[in-house]
Amino acid sequence: ALNLDVSSIRFMTDEEVERFKRFNLLKDYVDDKFAALAEYNRNVEVDGDVNRRRLTNIGTFRAYAWNYLSNHPAIHKDMTLLVRQLPSGPQGLPIEIYCFTNTTAWGEYEGVQADIFDHLIAIVPEFGLRLFQEPAGSDIAGLKGTAG
């Protein structure tokens with residue numbers, strides 16, 4: 001699982017929605033989701049943004065991760081593939097990746113898993129999200145230095 005900092009979850013701006021349409025792995029998702037939300041919003045009395053449904057950065061990231069995995073050559077296409085949210089807690093919001101590789105060789109599996117998580121961790125900031133990380137000793141020392 002990737003633990004995301006809950007304070008970084010938010011609605012996406014119109015500019016971000018347009019930017020994500022340029023991602024090959026997100027174009028269909030953004031188009032379909034945007035159309036569904038627009039239809040919903042047309043049928044609801046909208047008072048500003050309060051009642052309007054909008055795309056979120058977390059939902060868009062989940063869609064990206066699912067599309068990335070479903071297009072990954074080392075992921076088994078005929079077995080379960082899930083990208084889901086688990087309950088949030090003190091370590092943030094876990095996004096669980098559940099899928100199977102095309103290999104059962106342990107070393108190859110570990111390499112595939114590492115490559116997938118390398119990619120997903122590196123792309124998280126593109127969605128305006130942050131990974132959750134508990135403070136380290138250097139974080140505490142930095143705070144102490146600025147306070148004193």
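Numbers for residues simply follow the sequence, beginning at 1.
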(Q) I'd like to know if the side chain of Asp31 and the backbone of Lys21 have a donor-acceptor N/O pair within less than 3.5 Å. (A) no
Q.
Measuring centre to centre across the rings, with the benzene-like ring taken for any Trp, is Phe20 within less than 6.0 Å of Phe127?
A. yes
Q | His72 side, atom NE2; Asn102 side, atom CG - distance, nearest 0.5 Å | A | 10.0 Å
Q) Is Val6 reachable from Met12 through a run of hydrophobic residues whose side-chain heavy atoms are each under 4.5 Å from the next? A) yes
(Q) Does atom OH (Tyr98) have a neighbourhood of more than 12 heavy atoms from anything else shown, all under 6.0 Å? (A) no
Q.
Tell me if a side-chain donor or acceptor on Lys27 pairs with a main-chain N or O of Leu25 at a distance below 3.5 Å.
A. no
Q: Indicate if Met79 and Val112 have the same hydrophobic cluster label, given that clusters are the connected sets of ILVMFWY residues with side-chain heavy-atom separations under 4.5 angstrom.
A: no
Q. What are the two closest non-hydrogen atoms of Val17 and Phe34, and how far apart are they?
A. CG1-CD1, 4.1 Å
Q: Take atom CZ of Phe100 as the centre, draw a 6.0 Å sphere, and report whether it contains more than 12 heavy atoms from other residues, nucleotides or ligands.
A: yes
Q. Would a hydrophobic clustering, with Ile, Leu, Val, Met, Phe, Trp and Tyr connected at side-chain separations under 4.5 Å, put Ile75 with Leu26?
A. yes
Q | Shortest non-hydrogen separation from Leu37 to Leu55 and the atoms involved | A | CD1-N, 3.6 Å
Q | Nearest-0.5 Å distance that lies between atom CG in Leu120 and atom CD1 in Ile95 | A | 10.5 Å
Q: Output the distance between atom CZ (Arg62) and atom CD1 (Ile97), rounded to the nearest 0.5 Å.
A: 11.0 Å
Q: May I have the step-by-step check of side chain to side chain contact (heavy atoms under 4.5 Å, CB included) for Asp5 and Leu131, ending in yes or no?
A: CA-CA 5 Å; Asp5 183 341; Leu131 292 172; over 6 Å; no
Q. Taking all atoms of both residues into account, what is the closest heavy-atom pair of Ile9 and Asn57, and its distance?
A. CA-OD1, 3.5 Å
Q) Got more than 12 heavy atoms from elsewhere within 6.0 Å of CD, Gln133? A) no
Q) If you measure from CD on Glu18 to CD on Glu15, what distance do you get to the nearest 0.5 Å? A) 8.5 Å
Q.
Using a 3.5 Å distance criterion without hydrogens, assess whether the side chain of Glu16 forms a donor-acceptor pair with backbone atoms of Thr13.
A. yes
Q.
Distance check, rounded to the nearest 0.5 Å: Leu2 atom CG versus Leu93 atom CG?
A. 10.5 Å
Q. Does Arg53 reach the side chain of Asn41, with side-chain heavy atoms less than 4.5 Å apart?
A. yes
Q. Roughly how far, to the nearest 0.5 Å, is the CZ atom of Arg19 from the CG atom of Asp14?
A. 13.5 Å
Q: Would you name the heavy atoms of His76 and Thr101 that are closest together and state the gap between them?
A: CB-O, 3.8 Å
Q: Give the minimum heavy-atom separation between Gly128 and Arg10, together with the two atoms involved.
A: CA-NH2, 3.8 Å
Q. So Tyr64 and His119, would you call those rings parallel, tilted or perpendicular, with 30° and 60° as cut-offs?
A. parallel
Q. What are the two closest heavy atoms between Cys99 and Leu69, and how far apart are they?
A. SG-CD2, 4.3 Å
Q. Would you say Phe117 and Leu86 are hydrophobically clustered, going by side-chain heavy atoms of ILVMFWY under 4.5 Å?
A. no
Q. Using 4.0 Å as the upper bound for N to carboxylate O, is an ion pair formed by Arg42 and Glu39?
A. yes
**Q.** Stepwise side chain to side chain contact (heavy atoms under 4.5 Å, CB included) check, Phe23 with Thr60
**A.** CA-CA 11 Å; Phe23 283 53; Thr60 305; over 6 Å; no
Q.
Test side chain to side chain contact (heavy atoms under 4.5 Å, CB included) on Gln91 and Glu134; report intermediate values, then the result.
A. CA-CA 7 Å; Gln91 282 77 38; Glu134 293 192 26; 3.0 Å; yes
Q) Would you say Asn24 has more than 12 foreign heavy atoms packed within less than 6.0 Å of its CG? A) no
**Q.** Min side-chain heavy-atom separation Val83-Phe61 under 4.5 Å
**A.** no
